[in-house]
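Here the structure comes first, spelled out in structure tokens, and everything after it is commentary.
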Amino acid sequence: MIRTIAVSGFKNSGKTTLCRRLIEELARLGVRTGYIKRTSEDALDAEGPDTSKLRGAGVTAVLWGDDGLRAEESRRDMSQEYIVSKYFPDCEIVILEGGKYLDLPKIWVESETPRPGGVKGVFMLYDRKRPGDGAARFGAGDEALIAKKLAGLVRGGNYRSSSVFVGGRELPMKDFIADFVRGAVLGMLSSLKGGRARGEEVKVFIRGEKNDSPRAPR
């Protein structure tokens, strides 16, 4: 299961710097990591490139340049689960910056402003001005240690050999079910030309059935 960990705190507390350091350390550990920045402001340009005109048609628009790409999607009912399943299905962990009131496990970045009582799910504290204890409280210079603890959360003793998403939500599976799904899919694909996976990851997309689809004649 893809773990999403929020790095939350107040403005200028050091959230972005901590996220960057954690992502660097997780990369050194070989953990596939995604990043989301949650903001209370509008994320899309009202008047921007041509992609802003096309996304109004209800499609995901991508701006592709020499330095990379940016995806734009206009909808109000997005959830963290939807974003993770669509944009980060290959990741082991997703770091979400912000989202102090989201129902997620959190690393709280301390500042002079006390943490609000409504913030739930804090399992680590990070204070760049004070030393940590190496257990639940961490300070500047402890980023590698935090990353190792996060890697342990997502890897653990067993790691799922396959993942299945239904309607944007990851389907909980026991290890033997995940192994069965992986073996069944790879077995079927191996009979097709070019379908034998040689260490590569395999993605399968299955369209949902429509209620108004025509029925086959009997």
Give the minimum heavy-atom separation between Ala6 and Gly98, together with the two atoms involved.
CB-O, 3.8 Å
Rounded at 0.5 Å granularity, tell me how far CD in Glu25 sits from CZ in Arg28.
4.5 Å
For the backbone of Glu92 and the side chain of Arg3, can you confirm whether one donor and one acceptor N or O come within less than 3.5 Å of each other?
no
Identify the heavy atoms of Val7 and Cys19 that sit nearest to each other, and give their distance.
CB-SG, 3.7 Å
Can you tell me how far OH of Tyr126 sits from CG of Leu22, rounded to the nearest 0.5 angstrom?
8.0 Å
Are Val84 and Tyr82 connected, step by step, through hydrophobic side chains (Ile, Leu, Val, Met, Phe, Trp, Tyr) whose heavy atoms are closer than 4.5 Å?
yes
From CA spacing to verdict: side-chain contact (heavy atoms from CB on, under 4.5 Å), Phe138, Leu125:
CA-CA 6 Å; Phe138 301 87; Leu125 296 173; over 6 Å; no
Test of understanding: clusters of I, L, V, M, F, W, Y form through side-chain heavy atoms closer than 4.5 Å, transitively. Do Met188 and Val202 belong to the same one?
no
Set of ring pair (Phe, Tyr, Trp, His ring centres under 6.0 Å) partners for Phe165, sequence neighbours left out
none
Ignoring hydrogens and angles, tell me if any N or O in the side chain of Thr17 forms a donor-acceptor pair with the backbone of Gly14 under 3.5 Å.
no
Closest heavy-atom pair, Phe10 versus Pro114, reported as atoms and distance to 0.1 Å, is CE1-O, 3.5 Å
Test item: Ser8 and Tyr101 side chains (from C-beta on) under 4.5 Å apart, heavy atoms
no
CG of Leu102 to OG1 of Thr4: how many Å apart, nearest 0.5 Å?
10.0 Å
If you round to the nearest 0.5 Å, how far is CG of Leu150 from CD of Glu143?
11.5 Å
Could you point out which residue of Val31, Leu29, Leu26 forms a side-chain contact (heavy atoms from CB on, under 4.5 Å) with Lys148?
Leu29
In sequence, state the C-alpha distance, the side-chain angles, and the governing distance for Phe88 and Thr33, and then conclude on side-chain contact (heavy atoms from CB on, under 4.5 Å).
CA-CA 8 Å; Phe88 305 105; Thr33 307; over 6 Å; no
Any salt bridge (charged side-chain N to carboxylate O under 4.0 Å, His left out) involving residues 97-123? Give me the pairs, sequence neighbours left out, ordered by first then second residue.
Lys37-Glu97, Glu110-Arg137
Consider only side-chain heavy atoms of I, L, V, M, F, W and Y, link residues closer than 4.5 Å, and tell whether Phe123 and Val119 are in one cluster.
no
What do the steps show when you test Asp90 against Lys203 for side-chain contact (heavy atoms from CB on, under 4.5 Å), and what is the final call?
CA-CA 9 Å; Asp90 299 330; Lys203 296 181 182 180; 2.9 Å; yes
Atom of Cys91, atom of Gly34 and distance for their closest heavy-atom approach
SG-N, 3.5 Å
Can any side-chain N or O of Ser13 pair as donor or acceptor with the backbone N or O of Gly9 at less than 3.5 Å?
no
For Ile36 and Val94: C-alpha separation, side-chain torsions, deciding distance, then whether side-chain contact (heavy atoms from CB on, under 4.5 Å) applies.
CA-CA 7 Å; Ile36 300 171; Val94 173; 3.8 Å; yes
Check the surroundings of atom CZ in Arg130: do more than 12 heavy atoms from other residues, nucleotides or ligands lie under 6.0 Å from it?
no
NZ/Lys15 to OG/Ser111 distance, rounded to the nearest 0.5 angstrom?
8.5 Å
Side-chain heavy atoms under 4.5 angstrom apart, residues restricted to Ile, Leu, Val, Met, Phe, Trp, Tyr: same cluster for Ile93 and Leu153?
yes
Rounded at 0.5 Å granularity, tell me how far CD in Gln80 sits from CG in Leu96.
7.0 Å
Going only through I, L, V, M, F, W and Y residues with side-chain contacts under 4.5 Å, is there a path from Leu104 to Ile83?
yes
